[in-house]
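The structure displayed is predicted, hence computed values, not measured ones.
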Amino acid sequence: MRLRTKIIVAVSICVVSFSARSLQAVDLTPVMYTAEQPFGGLSLTYDQRASSILEGDGILGPYDIDPSRTVWLAQAPGYSIYLSWVYRIAGRGFFKVQFVQNALNSLSPILIFLIAGAMLSWRVGVASGLLAAIEHHLSHISNFILPDSISALPVLAGIYLLVIATRLHHNSYWVWAGAGVLLGSAAWLRAQTMLLAPLVAVVLVAIAARRLPRLKRALLLPLACLLVIAPITIRNYLVYGEFVPVHIGLGIVLWEGIADASGDRFGAVPLDVDVAAQEAVLYNNPRYGSTWSSPDGIARDRDRVRKSLGIILDHPAWYAGVMLKRMRDMVKYSAHAPLIYKIAQTRALQRTLPVRPEWESLAGDDSSLTFGRAILWTRPVLRALQRLIKEPMGYFILVGTAILFIASWRRALFLGMVPIYYFLFQSFTHTEFRYTLPMQYFLFVLAAIVWVILTGWCRTGLRSLSNRYMKRANPARPLENRLLSQ
């Protein structure tokens with residue numbers, strides 16, 4: 001594919017992606033700033049932390065605080081830093097955040113287009129980019145004031161650098177180091193990607209034809225990733241005197257995940273408020289009842305890890321089944337997010353719930369939704385496309401995986417590195433679909449393989465039918481008759 005064509009395709013994918021995400025932003029307007037805003041409690045804490053950064057408390061939070069006050073360890077710091085940048089440039093407001101976030105997230109389909117195009121074929125690349133641009137989960141969750149959707153961007157950029165190094169033969173040590181930096185920066189947004197770089201390095205060495213030269217470069221991935229994460233870890237040790245790589249929270253997701261899978265069988269509880277109340281009684285400390293993360297959040301979370309691992313080790317077969325169920329839910333495309341609303345549904349889009357007191361000053365400015373409202377006429381087309389790709393997605397991923405492994409197991413493992421990581425590590429803890437967005441882009445490449453094959457069959461079939469029709473309409477005549485007629 002020529003460079004000019006790539007640019008045209010990339011811009012087209014970006015426009016489609018931004019349009020779909022902008023329409024989903026309009027659909028969410030009735031619940032924004034209300035108690036029904038998706039994960040509004042988490043959004044509030046990110047917003048408060050971003051505001052504190054703007055007030056001069058430092059990008060990694062206050063440093064001169066009581067070490068028992070561990071509320072600042074509840075989340076990775078990257079998204080609050082990102083919010084503070086948006087607030088500084090565009091002003092504080094969730095609709096503005098959605099606009100900027102949707103624009104940035106529209107770069108991710110371009111990256112998967114380039115990755116799939118270079119690894120497989122440009123037809124598969126185009127199909128992959130369009131699937132990622134239109135798919136309703138990616139479009140809907142892009143509008144949450146959360147780091148889940150934007151965390152895919154550095155992961156995709158890092159993998160694309162590895163494509164440049166391994167497939168396009170720009171095998172500089174700097175390219176490998178840059179990939180490690182990008183994979184490490186994703187952990188600033190969501191800490192579950194912290195171990196992705198080591199797994200990627202192992203896979204890349206395993207599939208290499210010459211392993212020793214590959215090993216020398218692949219070691220840069222975890223090393224660069226470690227250096228990028230190190231400032232967070234050092235800051236946590238200096239402030240709290242404990243080794244906390246990014247943030248606390250492994251214990252609570254394990255404990256709540258066990259509760260979701262087992263009910264009250266092991267005494268686990270499924271909600272943050274329930275965990276806090278349970279620990280207030282367990283440790284005989286009423287202060288623990290306010291939140292799971294503070295005070296003494298480090299020690300409390302480590303206790304949860306110990307309790308959870310004890311249950312898992314005592315019931316390994318049961319927990320293996322739990323992990324398999326979670327893996328299945330990661331590719332359940334019929335749930336977790338709505339399609340773009342119909343035009344008739346948009347007429348009823350009005351806020352009926354009261355605005356939360358913390359956000360009353362922000363709720364009036366919705367000028368960032370202008371583009372989404374201006375493209376109302378595209379709703380039927382994009383909604384129909386979302387429904388078309390949603391129904392067979394899971395089946396196409398399975399078929400595409402089989403086809404690619406038969407054709408080239410090395411390329412299959414390369415494209416499967418990120419999904420393998422999420423299937424193994426994310427399924428071990430509490431799982432929600434929004435946590436898995438980075439891996440979805442790579443699964444869409446597998447589905448795109450099937451779409452391209454089906455499209456090719458349809459094109460061949462139509463061409464065959466057209467040729468038959470032309471022969472019947474213009475039957476062949478002897479050569480002399482044709483010469484006479486001329």
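- Side chain of Glu432 to main chain of Tyr435: no donor-acceptor pair is present (N/O by atom type, distance under 3.5 Å, no hydrogens or angles).
- Listed for the Asn143 side chain is a donor-acceptor partner under 3.5 Å among the backbone atoms of Arg21.
- Contact annotation: the side chain of Trp359 approaches that of Leu44 to within less than 4.5 Å [non-hydrogen atoms, C-beta and beyond].
- Not a single donor-acceptor pair under 3.5 Å links the side chain of Asp272 to the backbone N or O of Trp292.
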>> Pair Leu398, Thr401 - check side-chain contact (heavy atoms from CB on, under 4.5 Å), show working.
In response: CA-CA 5 Å; Leu398 289 175; Thr401 302; 5.7 Å; no
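- In this structure, Arg217 satisfies the cation-pi test against Tyr173, with its NZ or CZ atom closer than 6.0 Å to the six-membered ring centre and inside 45 degrees of the ring normal.
- Nearest heavy atom pair, residue Ala224 against residue Val181, reads CB-N, 3.8 Å.
- Put simply, the residue from Phe18, Phe94, Phe371 that forms a ring-ring contact (aromatic ring centres under 6.0 Å, His included) with Phe99 is Phe18.
- In this structure, the separation between CZ on Phe425 and CG on Leu199 is 6.0 Å, given to the nearest 0.5 Å.
- Counting heavy atoms from C-beta on, the side chains of Val228 and Trp188 come closer than 4.5 Å.
- Among all heavy-atom pairs drawn from Asp47 and Leu83, the shortest one is N-CD1, 4.1 Å.
- A salt bridge links Asp366 and Arg373; the closest N-O separation between the charged side-chain nitrogens and carboxylate oxygens is under 4.0 Å.
- Two residues are said to be in side-chain contact when any heavy atoms from C-beta on lie closer than 4.5 Å; Leu385 and Val381 meet this criterion.
- When ring centroids are compared, Tyr33 and Phe95 come within the 6.0 Å threshold.
- Not a single donor-acceptor pair under 3.5 Å links the side chain of Ser22 to the backbone N or O of Gly372.
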>> side-chain contact (heavy atoms from CB on, under 4.5 Å) for Phe144 and Leu42? Distances and angles first, verdict last.
In response: CA-CA 10 Å; Phe144 293 2; Leu42 289 175; over 6 Å; no
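- Counting all heavy atoms, side chain and backbone alike, Ala76 lies closest to Leu189 at CB-O, 3.8 Å.
- Judged purely by atom type and a 3.5 angstrom limit, Ser185 uses its side chain to pair as donor or acceptor with the backbone of Leu182.
- At distances below 3.5 Å, not a single donor-acceptor pair connects side-chain atoms of Thr5 with backbone N or O atoms of Met1.
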> When you look at Tyr79 and Ile145, which way does the side-chain contact (heavy atoms from CB on, under 4.5 Å) test go after all the steps?
Replying inline: CA-CA 9 Å; Tyr79 192 69; Ile145 312 302; 3.8 Å; yes
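- Contact check for Ile343 versus Pro380: side-chain heavy atoms found under the 4.5 Å cut-off.
- Taking both residues in full, the closest heavy atoms of Ile13 and Pro109 are given as CG2-CB, 3.5 Å, listed atom of the first, atom of the second, then distance.
- Contact between Leu437 and Ser149 at its shortest, heavy atoms only, is CD1-CA, 3.7 Å.
- Leu162 is listed as a side-chain neighbour of Trp176, based on a closest heavy-atom distance under 4.5 Å.
- Note that CD of Gln101 and OG of Ser106 are 11.0 Å apart. Values are rounded to the nearest 0.5 Å.
- Under the 3.5 Å distance criterion, with hydrogens and angles disregarded, a donor-acceptor pair is assigned to the side chains of Gln192 and Gln426.
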> Should Phe428 and Tyr319 be marked as a ring-ring contact (aromatic ring centres under 6.0 Å, His included) after you check the CA-CA gap, both sets of side-chain angles, and the distance that decides it?
Replying inline: CA-CA 8 Å; Phe428 188 73; Tyr319 205 72; 5.6 Å; yes
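- At least one side-chain heavy atom of Gln98 sits less than 4.5 Å from a side-chain heavy atom of Leu369.
- Shortest non-hydrogen contact noted between Arg379 and Ile340 is NH1-CG2, 3.2 Å.
- In terms of modelled atom types and a separation under 3.5 Å, the side chain of Ser142 and the main chain of Ser139 share no donor-acceptor contact.
- Taking CZ of Phe405 as the reference point, atom CG of Leu415 lies at 10.0 Å (rounded to 0.5 Å).
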Output a table of donor-acceptor pairs, distance under 3.5 Å, between side-chain atoms of residues 438-452 and any protein atom two or more places apart or on a different chain; print 'none' if there are none.
residue : atom : partner : partner atom : Å
Gln440  : OE1  : Tyr333  : OH           : 2.5
Gln440  : NE2  : Met330  : O            : 2.9
Gln440  : NE2  : Thr436  : OG1          : 3.0

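- Remark: His136 NE2 to Ser334 OG distance equals 8.0 Å, nearest 0.5 Å.
- A donor-acceptor contact closer than 3.5 angstrom links the side chains of Thr45 and Gln75.
- Formation of a donor-acceptor pair under 3.5 Å by the Arg410 side chain with backbone atoms of Ile207 is found in this model.
- Partner of Leu212 under the side-chain contact (heavy atoms from CB on, under 4.5 Å) criterion, out of Arg214, Lys216, Arg210: Lys216 alone.
- A salt bridge links Arg304 and Asp301; the closest N-O separation between the charged side-chain nitrogens and carboxylate oxygens is under 4.0 Å.
- In Trp318, the CH2 atom is crowded: over 12 heavy atoms of neighbouring residues, nucleotides or ligands sit closer than 6.0 Å.
- Put simply, CG on Leu220 and CG on Leu215 are 10.0 Å apart, with the number rounded to the nearest 0.5 Å.
- At least one side-chain heavy atom of Arg383 sits less than 4.5 Å from a side-chain heavy atom of Arg387.
- Applying side-chain contact (heavy atoms from CB on, under 4.5 Å) to Arg434 and the options Arg190, His137, His336, His140 leaves one that passes, Arg190.
- By the 6.0 Å contact criterion, CZ on Arg356 is enclosed, its count of non-hydrogen atoms from other residues, nucleotides or ligands being greater than 12.
- A donor-acceptor pair is defined here as one N or O able to donate and one able to accept, closer than 3.5 Å; no such pair exists between the side chain of Gln24 and the backbone of Ile141.
- The distance between the ring centers of Phe113 and Trp122 falls below 6.0 angstrom.
- Contact annotation: the side chain of Leu324 approaches that of Met327 to within less than 4.5 Å [non-hydrogen atoms, C-beta and beyond].
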>> Between Tyr421 and Val200, does the side-chain contact (heavy atoms from CB on, under 4.5 Å) criterion hold? Intermediate values first, please.
In response: CA-CA 8 Å; Tyr421 176 83; Val200 168; over 6 Å; no
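- Looking at Arg49, its side chain never comes within 3.5 Å of a backbone N or O of Pro77 through a donor-acceptor pair.
- Between atom CD1 of residue Ile389 and atom CG of residue Leu130 there is a gap of 9.0 Å, rounded to the nearest 0.5 Å.
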>> salt bridge (Lys or Arg N to Asp or Glu O under 4.0 Å), that's the test. Do Lys342 and Asp27 meet it? Break it down for me.
In response: CA-CA 10 Å; Lys342 300 176 182 177; Asp27 296 348; over 6 Å; no
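- Asp260 has no carboxylate O lying under 4.0 Å from a charged side-chain N of Arg326, or vice versa, which leaves the two without a salt bridge.
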